[in-house]
Amino acid sequence: MLDVARVRKDFPILDRIVNGRPLVYLDSAATSQKPQCVIDSITDYYSRYNSNIHRGIHSLGEEATAAYEGVREKVCNFIKATSAREVIFTRNTTEAVNLVASTYGRQHILAGDEILLTPLEHHSNLIPWQTLAKERDAKLVYCDVTEDGKVDVESVKRLINSRTRIVAVTLTSNVLGTIVPVAEICTIAHASGAVVFVDGAQAVPHLPVSVQDLQCDFLAFSMHKMLGPTGVGILWGKAEILEEMPPQMYGGNMINSVWRDRVILNQVPWRFEAGTPNIADVIASGVALDYLQALGMNNVRAHEKQLSQYALAQFSKIPGIKLYGPSTVEDRAGVFSFNLSGVHPHDVGQIVNEEGIAIRVGHHCCQPLMRDLDISGTARASFYVYTTEEEIDLLIGALDKARKVLGHVACR
Amino acid sequence: MLDVARVRKDFPILDRIVNGRPLVYLDSAATSQKPQCVIDSITDYYSRYNSNIHRGIHSLGEEATAAYEGVREKVCNFIKATSAREVIFTRNTTEAVNLVASTYGRQHILAGDEILLTPLEHHSNLIPWQTLAKERDAKLVYCDVTEDGKVDVESVKRLINSRTRIVAVTLTSNVLGTIVPVAEICTIAHASGAVVFVDGAQAVPHLPVSVQDLQCDFLAFSMHKMLGPTGVGILWGKAEILEEMPPQMYGGNMINSVWRDRVILNQVPWRFEAGTPNIADVIASGVALDYLQALGMNNVRAHEKQLSQYALAQFSKIPGIKLYGPSTVEDRAGVFSFNLSGVHPHDVGQIVNEEGIAIRVGHHCCQPLMRDLDISGTARASFYVYTTEEEIDLLIGALDKARKVLGHVACR
Amino acid sequence: MSLADELYRETILDHYHNPRNQGVLEGPSILSVEGVNPLCGDELILYLDVKDGKVEGISIKSRGCSINTASSSMMTEAVKGLPVERVEELIDAFKNMMLKGEQTAVPEEFEDLEALQGVKKYPVRIKCALLPWNTLIEALHSAASGETAKAISTE
Amino acid sequence: MSLADELYRETILDHYHNPRNQGVLEGPSILSVEGVNPLCGDELILYLDVKDGKVEGISIKSRGCSINTASSSMMTEAVKGLPVERVEELIDAFKNMMLKGEQTAVPEEFEDLEALQGVKKYPVRIKCALLPWNTLIEALHSAASGETAKAISTE
Ligand SMILES: Cc1ncc(COP(=O)(O)O)c(C=O)c1O
Ligand SMILES: Cc1ncc(COP(=O)(O)O)c(C=O)c1O
């Protein structure tokens with residue numbers, strides 16, 4: 001298990017005072033906090049070997065290039081991929097989805113084809129496919145979810161057919177916490193010849209994820225949600241698919257030879273990284289991966305499972321609370337969406353912030369899911385390696401206050 | 001004028017020892033070094049108020065959002081734009097060009113239309129247009145350059161016609177140092193109804209640049225070349241043009257409302273910033289802009305002019321050197337490309353690196369220009385606010401060594 | 001000062017729990033405009049009936065937060081029956097109060113609106129308070145130009 | 001050790017200043033393959049004449065750096081006249097020497113190649129040394145499959 005007290009010492013922001021109280025950060029699903037070693041690696045890079053990469057023959061350039069390319073190896077190991085050449089650096093998960101939709105998608109989706117999504121998808125893993133479907137006159141198909149927010153695999157089986165080209169599915173819902181049985185879905189999809197794009201933004205930071213086990217075709221995630229800096233996303237794709245994909249952007253670094261009127265492109269993965277990349281943050285991302293690997297992803301998962309168990313028990317005691325998503329910790333991650341009767345999530349967020357507690361409120365970039373649930377939004381508390389049961393207690397206390405200030409109890 | 005000794009104290013990397021010698025960094029055109037205040041602002045962000053932006057109601061989210069959006073104002077002031085809503089954050093210059101080529105370009109370029117470029121363009125301001133032209137069966141037209149590397153404005157006048165839709169032009173060449181008379185070109189282009197996209201990657205860091213004076217339609221540049229972190233580029237565009245442009249990417253933050261099958265987009269500029277942006281580095285970019293503004297861009301330019309004058313004099317003394325680009329400092333920036341007879345640029349770079357001197361060698365992402373000049377590459381020394389005449393002297397000395405090791409002099 | 005003193009004043013809670021002019025207006029001359037706050041997803045539909053240069057009827061359908069709901073409720077109460085010109089003045093006065101930090105003198109008869117002054121200290125909530133007002137501006141434009149339904153955002 | 005001792009050894013400088021087998025080969029059975037190092041822009045064209053399983057002729061046209069030129073020159077000298085199988089062994093041995101850090105025993109008759117060992121200490125230059133060899137691999141493939149001109153990169 002994690003030694004959370006020791007972990008917390010690595011995160012300087014946890015000393016922050018907000019509205020007179022120590023920060024209680026329960027918004028890790030939006031972005032995680034960063035350990036000192038990640039912050040230090042950025043300082044170190046800019047203070048010691050900052051240089052543009054790939055093109056340099058001088059020592060700084062060589063050091064920066066080696067460090068940058070070394071992170072590809074680390075990502076490769078982290079997700080159990082077979083080759084670092086399958087790892088592409090993007091800005092975030094969103095860019096990774098758009099990259100695939102605008103290249104692979106445009107290559108393979110024709111009129112009448114189908115793209116299968118779950119109703120749980122984040123806007124980032126929805127609008128690019130919606131836009132592609134519109135452009136190509138293809139069809140977006142949504143599978144079903146059960147009452148408690150699990151993906152109905154039977155509906156996936158029923159809906160996938162020979163016209164299904166792409167299945168875009170999240171591995172963990174950022175609203176309901178649901179862990180989706182992606183390996184199973186991959187088997188079904190592959191049997192029909194569809195490829196599977198997995199949005200791992202909420203999964204890779206919190207669970208051991210192996211692309212070999214999943215057998216997916218693409219995996220995307222964001223380093224800023226897993227202790228890394230903002231500005232780095234990862235797109236992993238099977239080499240044989242990437243090899244056939246055109247680039248999404250053109251410019252420096254992604255070419256072999258250029259003439260006034262034509263160009264010969266560079267190989268994978270560099271073909272997909274035009275221009276000067278976010279060098280410092282890619283290198284710092286490697287440090288974040290090392291940190292997580294040292295904690296052990298199994299331990300990270302065990303810690304969050306334990307917190308989830310505790311949270312489920314505590315939340316259920318609050319009068320008038322509506323908790324969304326699976327009620328068994330095996331099926332869910334440490335992301336809890338809820339509503340208090342008679343209190344709008346905005347007001348919940350504002351009132352708990354007064355106590356130094358940071359939660360997120362609103363639609364969480366999942367408006368279609370909100371419409372399905374017939375709500376305008378939720379309040380959401382999300383956990384990570386530095387989260388404690390005491391922090392959950394503090395939230396519960398603050399929710400009580402919110403009910404008192406605004407709820408029907410206080411209603412004259 | 002700049003107090004260079006004082007400026008140098010702000011750059012921790014200048015204490016670096018390379019191959020036993022103090023680092024002489026003459027590769028600022030590739031990427032600049034960073035002052036302590038920029039590095040510190042990243043540490044400060046992650047240690048005090050790291051949070052996802054826009055969607056948060058908690059204090060960290062509010063602080064991060066205000067800081068991030070505040071940088072739009074700073075960029076707006078820096079380039080004398082009229083509204084911060086015209087400022088879009090990208091990853092780099094390359095992404096900014098691709099954004100415009102794939103949105104505005106696809107909207108406006110039809111078969112038979114023409115795009116005018118200069119032969120000086122960096123691959124990033126060339127391949128996106130080349131690709132667009134291919135896709136649309138449009139024509140790429142190149143204006144002429146003079147013997148000493150200046151853009152022949154008469155040829156621009158001659159070549160622009162009613163079919164010219166876009167003129168894509170660099171403000172400063174990253175190979176020859178040429179400062180291109182963009183204001184004049186804008187007048188010519190606008191008279192024919194063409195819009196002008198300006199690649200400011202090598203200009204905005206080194207000269208006072210005002211979009212009002214230039215009267216251009218788009219301006220792109222990279223913060224990593226102007227004391228800022230890697231991972232942030234700026235695209236500025238006239239509001240009335242941006243308003244009509246579709247987004248290049250879809251996802252979180254860039255929408256108003258989403259349904260399963262349709263979407264209403266957000267306003268400019270957010271429409272163009274899908275997903276979690278590079279928050280920390282955008283904020284640090286604001287600090288870089290403040291630092292440059294405190295130095296005064298007129299002083300930055302004056303310093304580089306003086307260095308260029310010195311460099312022109314010193315370089316000309318080297319036997320067998322071929323120096324490219326304008327020979328008058330008014331027409332050029334502090335970027336010097338050269339070749340030593342009988343010594344390949346690679347070998348030049350390697351040998352001066354042995355003395356701790358960092359220069360760049362190769363085609364500098366300008367292969368068509370290399371082909372025009374009938375060379376495979378050049379060695380390039382480039383200056384910035386921390387560069388001194390002593391460093392130029394050290395380079396000159398090292399070049400002498402390169403000639404001795406490899407040049408025809410040493411040839412048996 | 002506590003949050004309850006500054007933000008959640010009694011007047012606001014009253015309008016939140018008992019919003020005035022809620023629901024759908026129907027009729028041939030009635031115009032509906034959708035307002036959206038893209039950041040939090042708050043949406044509302046404003047129904048407006050302008051006749052002879054006067055706001056004859058107005059109502060709002062929404063599931064907003066306390067500030068949004070209270071602001072909607074107060075706004076509909078304030079503008080109902082007013083000539084369009086007066087409404088526009090009131091909108092200006094309210095927006096100035098919220099955005100400029102001015103202690104604008106709100107006309108006496110609309111003193112409820114002053115309770116929203118506290119929102120100024122919570123910048124993220126200002127948008128909640130403004131959404132109905134911005135939607136009303138849009139609705140008045142549409143009314144003037146004879147347009148129909150439309151969606152706007154407050155960003 | 002100085003750069004001149006490690007990298008710019010006499011053998012290398014000799015091949016750089018007087019490269020063997022430079023220029024264009026022409027003829028009906030001759031195959032040309034372009035090799036590119038995308039990072040520095042070094043390009044070369046390799047001309048290959050394979051007859052009866054033997055490298056009958058080989059030449060390279062390039063404007064490379066000292067390492068690239070010397071490596072090209074040594075390679076052409078080494079493989080000319082060899083059976084394709086032997087060439088392939090030699091390519092393997094050379095690539096192992098450059099990439100694996102092994103002190104591979106290069107066959108005695110090709111001892112010039114050993115001078116390139118120093119390049120290993122300068123990782124960015126390894127690509128310069130490998131470009132002709134990777135291009136040769138490509139050319140042999142093309143020869144085997146009866147293809148014509150092609151461009152490859154060493155990235
Ligand atoms: C003139 C010019 N344009 C564009 C670029 C591309 O900038 P970036 O790599 O930051 O996208 C560069 C720098 O490499 C440049 O010098
Ligand atoms: C499930 C899911 N997918 C995609 C994203 C988008 O990530 P980013 O904003 O880093 O692109 C997020 C995070 O907001 C998410 O939770």
Side-chain angles (χ1 to χ4, degrees), chain A residues 12-13 16 18 30-31 33-34 39 42-43 46-48 50-52 55-60 91-95 98 123-124 127-128 131 140 142 222 224 229-231 249-252 255 257-261 263 274-276 278-281 346 349-350 353 358 360-362 365 367-368, chain B residues 12-13 16 18 30-31 33-34 39 42-43 46-48 50-52 55-60 91-95 98 123-124 127-128 131 140 142 222 224 229-231 249-252 255 257-261 263 274-276 278-281 346 349-350 353 358 360-362 365 367-368:
Chain A
I13 205 170
R16 170 79 196 262
V18 171
T31 197
Q33 295 304 340
K34 326 298 175 197
I39 304 173
I42 297 173
T43 305
Y46 287 127
S47 309
R48 280 208 312 113
N50 168 60
S51 163
N52 215 321
R55 290 166 287 180
I57 208 162
H58 55 69
S59 299
L60 301 187
R91 175 173 37 242
N92 48 30
T93 302
T94 304
E95 191 185 16
N98 280 277
H123 292 164
S124 293
I127 316 181
T131 307
L140 272 200
Y142 289 87
S222 295
H224 72 87
T230 53
M249 272 189 223
Y250 298 83
I255 55 94
S257 295
V258 185
W259 291 262
R260 283 190 170 198
D261 59 350
V263 59
T276 304
N278 188 352
I279 306 166
D281 292 330
H346 257 202
Q350 181 94 56
N353 181 59
R360 186 133 306 224
V361 300
C365 294
Q367 283 196 336
Chain B
I13 206 170
R16 169 79 196 261
V18 171
T31 198
Q33 295 304 339
K34 325 298 174 198
I39 305 173
I42 297 173
T43 304
Y46 287 127
S47 309
R48 281 208 313 112
N50 168 61
S51 162
N52 215 321
R55 290 166 288 178
I57 207 163
H58 55 67
S59 298
L60 302 187
R91 175 172 38 241
N92 48 30
T93 302
T94 303
E95 192 186 15
N98 280 276
H123 292 165
S124 293
I127 315 178
T131 307
L140 272 199
Y142 289 86
S222 295
H224 72 87
T230 53
M249 271 188 224
Y250 299 83
I255 55 93
S257 296
V258 185
W259 291 261
R260 282 190 171 197
D261 59 348
V263 60
T276 305
N278 188 353
I279 306 168
D281 292 331
H346 256 202
Q350 181 94 56
N353 181 59
R360 186 132 304 223
V361 300
C365 294
Q367 282 195 339

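Naming convention: chains lettered A, B, ... in sequence-line order (proteins, then strands); numbering from 1 in each chain.
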**Message:** Do A:T31 and B:I279 make a side-chain contact, defined as non-hydrogen atoms from C-beta onward lying under 4.5 Å apart?
**Reply:**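 No, every pair of side-chain atoms sits at 4.5 Å or beyond.
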With only heavy atoms counted, which part of [X] is less than 4.5 Å from chain B, the side chain, the backbone, both or neither?
| X | result |
| --- | --- |
| A:V258 | both |
| A:N92 | side chain |
| A:R16 | side chain |
| A:L140 | side chain |
| A:S47 | both |

**Request:** Could you grab the distance from atom CZ of B:R91 to atom CE of A:M249, nearest 0.5 Å is fine?
**Result:**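 Interatomic distance, B:R91 CZ to A:M249 CE, rounded to 0.5 Å: 5.0 Å.
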**Request:** With sequence neighbours excluded, tell me which residues meet side-chain hydrogen bond (donor to acceptor under 3.5 Å, both in side chains) with B:T230.
**Result:**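 Per chain and number, B:T230 pairs via side-chain hydrogen bond (donor to acceptor under 3.5 Å, both in side chains) with A:Y46, A:N278.
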**Request:** For B:T276, check side-chain hydrogen bond (donor to acceptor under 3.5 Å, both in side chains) against everything at least two apart and list the hits.
**Result:**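 side-chain hydrogen bond (donor to acceptor under 3.5 Å, both in side chains) list for B:T276, sorted by chain: A:H224, B:N52.
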**Asked** Tell me, side chain or backbone of B:I57 under 4.5 Å from chain A's heavy atoms, or both, or neither?
**Response** both
Pick whichever of [options] has the most heavy-atom pairs under 4.5 Å with chain B.
| options | value |
| --- | --- |
| A:I127, A:N50, A:T93 | A:N50 |
| A:G349, A:S222, A:G252 | A:G252 |
| A:T94, A:I42, A:N98 | A:N98 |

**Request:** Taking all non-hydrogen atoms of both residues into account, name the closest pair between A:L60 and B:Q33 and its distance.
**Result:** CD1-NE2, 4.1 Å
**Message:** If I compare all heavy atoms of A:Q367 with all of B:S257, which pair ends up nearest, and what's the gap?
**Reply:** OE1-CA, 3.0 Å
**Message:** Treating B:Y142 as the side-chain partner and A:R260 as the backbone partner, does any N or O pair qualify as donor plus acceptor under 3.5 Å?
**Reply:** yes
**Request:** Kindly determine whether B:R360 and A:S51 satisfy side-chain contact (heavy atoms from CB on, under 4.5 Å), including the steps that lead there.
**Result:** CA-CA 11 Å; B:R360 186 132 304 223; A:S51 163; 4.0 Å; yes
**Request:** For chain A, find which of B:C365, B:S59, B:P128 contributes the most heavy-atom pairs closer than 4.5 angstrom.
**Result:**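 Going by pairs under 4.5 Å, I would pick B:S59.
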